[in-house]
**Q** 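Starting off with a structure, shown below.
Residues take their numbers from the sequence shown, with the count starting at 1. The structure presented is a predicted model; accordingly, all values stated were derived computationally and were not measured.
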Amino acid sequence: MDNIKTLLTTTEGRIGRQQWWIGIVVLIIISILASIIVSIISLGNAAVIAWLGVLINLVLIWPSYCIGIKRRHDRDNDGTDLKILIAGSIILNLLQATGIGASMVDVGGVSYPVPPIWLTVLSVIYGIFAIYMLVQLGFLKGTAGPNTYGPDPLDAAA
């Protein structure tokens with residue numbers, strides 16, 4: 001994968017850890033820039049920020065899926081766990097944006113939404129699963145040699 005566009009838009013084949021990290025860094029930069037723009041556009045309106053955050057999440061799903069699935073393929077995995085991770089992200093993002101069950105707490109004259117305990121527990125479980133996926137995608141070596149999903153990306157680089 002010499003091309004960042006190919007890295008972020010295709011699902012075929014395998015990529016190594018280095019390419020995955022490059023893709024993640026690109027997505028993080030895009031996400032930060034988009035969040036800054038959203039903050040400026042929203043003029044501090046929490047509801048607008050939340051829904052534009054959902055929009056950012058939706059826009060970044062495909063590139064995230066593309067790099068993630070190729071990395072799971074490198075570990076000879078079909079990527080079901082990646083699909084669960086992405087679905088969980090969307091669900092939590094939507095729950096937080098809608099404010100379902102959230103109550104408002106006044107702190108020094110400013111009201112802040114506080115999520116219900118069930119959403120907090122769900123977020124913690126999701127966070128633990130996300131750490132597991134980070135280890136799988138970013139730190140563990142892929143299958144040596146060819147596997148079900150294609151040739152070893154490290155052999156191709158040599």
Side-chain angles (χ1 to χ4, degrees), residues 1-40 49-102 113-158:
M1 306 267 150
D2 296 331
N3 181 327
I4 199 75
K5 181 181 173 188
T6 303
L7 179 66
L8 297 175
T9 60
T10 64
T11 60
E12 297 300 315
R14 299 165 58 180
I15 59 171
R17 292 172 285 187
Q18 181 181 18
Q19 291 172 303
W20 184 81
W21 280 109
I22 290 169
I24 288 299
V25 168
V26 168
L27 292 178
I28 289 171
I29 291 169
I30 291 169
S31 179
I32 290 170
L33 292 174
S35 296
I36 291 169
I37 293 168
V38 161
S39 296
I40 293 168
I49 290 172
W51 284 104
L52 289 175
V54 169
L55 182 62
I56 292 169
N57 190 5
L58 291 174
V59 167
L60 295 178
I61 284 173
W62 182 249
S64 299
Y65 177 75
C66 288
I67 63 171
I69 199 69
K70 286 184 276 197
R71 187 68 190 113
R72 292 308 281 145
H73 287 171
D74 189 41
R75 298 201 23 85
D76 208 12
N77 184 289
D78 68 356
T80 300
D81 50 1
L82 177 69
K83 294 170 190 167
I84 293 169
L85 180 75
I86 290 173
S89 171
I90 294 167
I91 291 167
L92 283 175
N93 201 238
L94 286 170
L95 286 172
Q96 291 167 349
T98 59
I100 292 176
V114 176
I117 190 71
W118 63 267
L119 184 55
T120 302
V121 169
L122 191 63
S123 296
V124 168
I125 292 169
Y126 177 80
I128 292 168
F129 182 64
I131 291 169
Y132 161 78
M133 288 300 295
L134 176 65
V135 170
Q136 288 290 318
L137 297 168
F139 296 103
L140 297 180
K141 187 177 179 187
T143 306
N147 69 17
T148 310
Y149 301 98
D152 189 336
L154 297 180
D155 286 346

**Q** Measuring from M133:CE to I86:CD1, what's the distance to the nearest 0.5 Å?
**A** 8.0 Å
**Q** Could you measure the distance from the OG atom of S64 to the CD1 atom of I24? Nearest 0.5 Å is fine.
**A** 6.0 Å
**Q** Applying the side-chain contact (heavy atoms from CB on, under 4.5 Å) criterion to W51, which one of N93, L94, I56 satisfies it?
**A** L94
**Q** To the nearest 0.5 angstrom, please state how far the OG1 atom of T10 sits from the CD1 atom of I69.
**A** 11.5 Å
**Q** How are the rings of Y149 and H73 set relative to one another: parallel (under 30°), tilted (30 to 60°) or perpendicular (over 60°)?
**A** parallel
**Q** Compare every heavy atom of V38 with every heavy atom of I49, then report the nearest pair and how far apart it is.
**A** CA-CG1, 4.1 Å
**Q** Under 3.5 Å, side chain of R14 to main-chain N/O of T143, donor-acceptor pair present?
**A** yes
**Q** State the CD1-CD1 distance between I4 and I22, to the nearest 0.5 angstrom.
**A** 6.5 Å
**Q** What distance separates W20 CH2 from L134 CG, expressed to the nearest 0.5 Å?
**A** 5.0 Å
**Q** So which heavy atom on T120 is nearest to which on P115, and how close?
**A** OG1-CG, 3.9 Å
**Q** Please assess Y126 against I91 for the test side-chain contact (heavy atoms from CB on, under 4.5 Å), listing each intermediate value before the final yes or no.
**A** CA-CA 11 Å; Y126 177 80; I91 291 167; over 6 Å; no
**Q** Tell me if a side-chain donor or acceptor on S89 pairs with a main-chain N or O of L85 at a distance below 3.5 Å.
**A** no
**Q** Indicate the atoms forming the closest heavy-atom contact of Y65 with T11, along with that distance.
**A** CE2-CG2, 3.8 Å
**Q** Any chance you could measure I67, atom CD1, to L137, atom CG, to the nearest 0.5 Å?
**A** 8.5 Å
**Q** Does the S31 side chain pair with the main chain of L27, one donor and one acceptor, at a distance under 3.5 Å?
**A** no
**Q** Would a distance-only check, ignoring hydrogens and angles, find a side-chain to backbone donor-acceptor pair under 3.5 Å from W21 to G138?
**A** yes
**Q** Show, in sequence, the C-alpha distance, side-chain angles and deciding distance for L55 and L52, and conclude whether the side-chain contact (heavy atoms from CB on, under 4.5 Å) test is met.
**A** CA-CA 5 Å; L55 182 62; L52 289 175; 4.2 Å; yes
**Q** Taking all heavy atoms of N147 and all of D74, pick out the closest pair and write down the distance.
**A** ND2-O, 3.6 Å
**Q** For the residue pair P113 and A102, what are the closest heavy atoms and their distance?
**A** CB-CB, 4.4 Å
**Q** Got P153 and K70 here, is their nearest side-chain heavy-atom distance under 4.5 Å?
**A** no
**Q** Grab the two heavy atoms, one from R72 and one from N77, that are nearest each other, plus how far apart they are.
**A** NH2-ND2, 2.8 Å
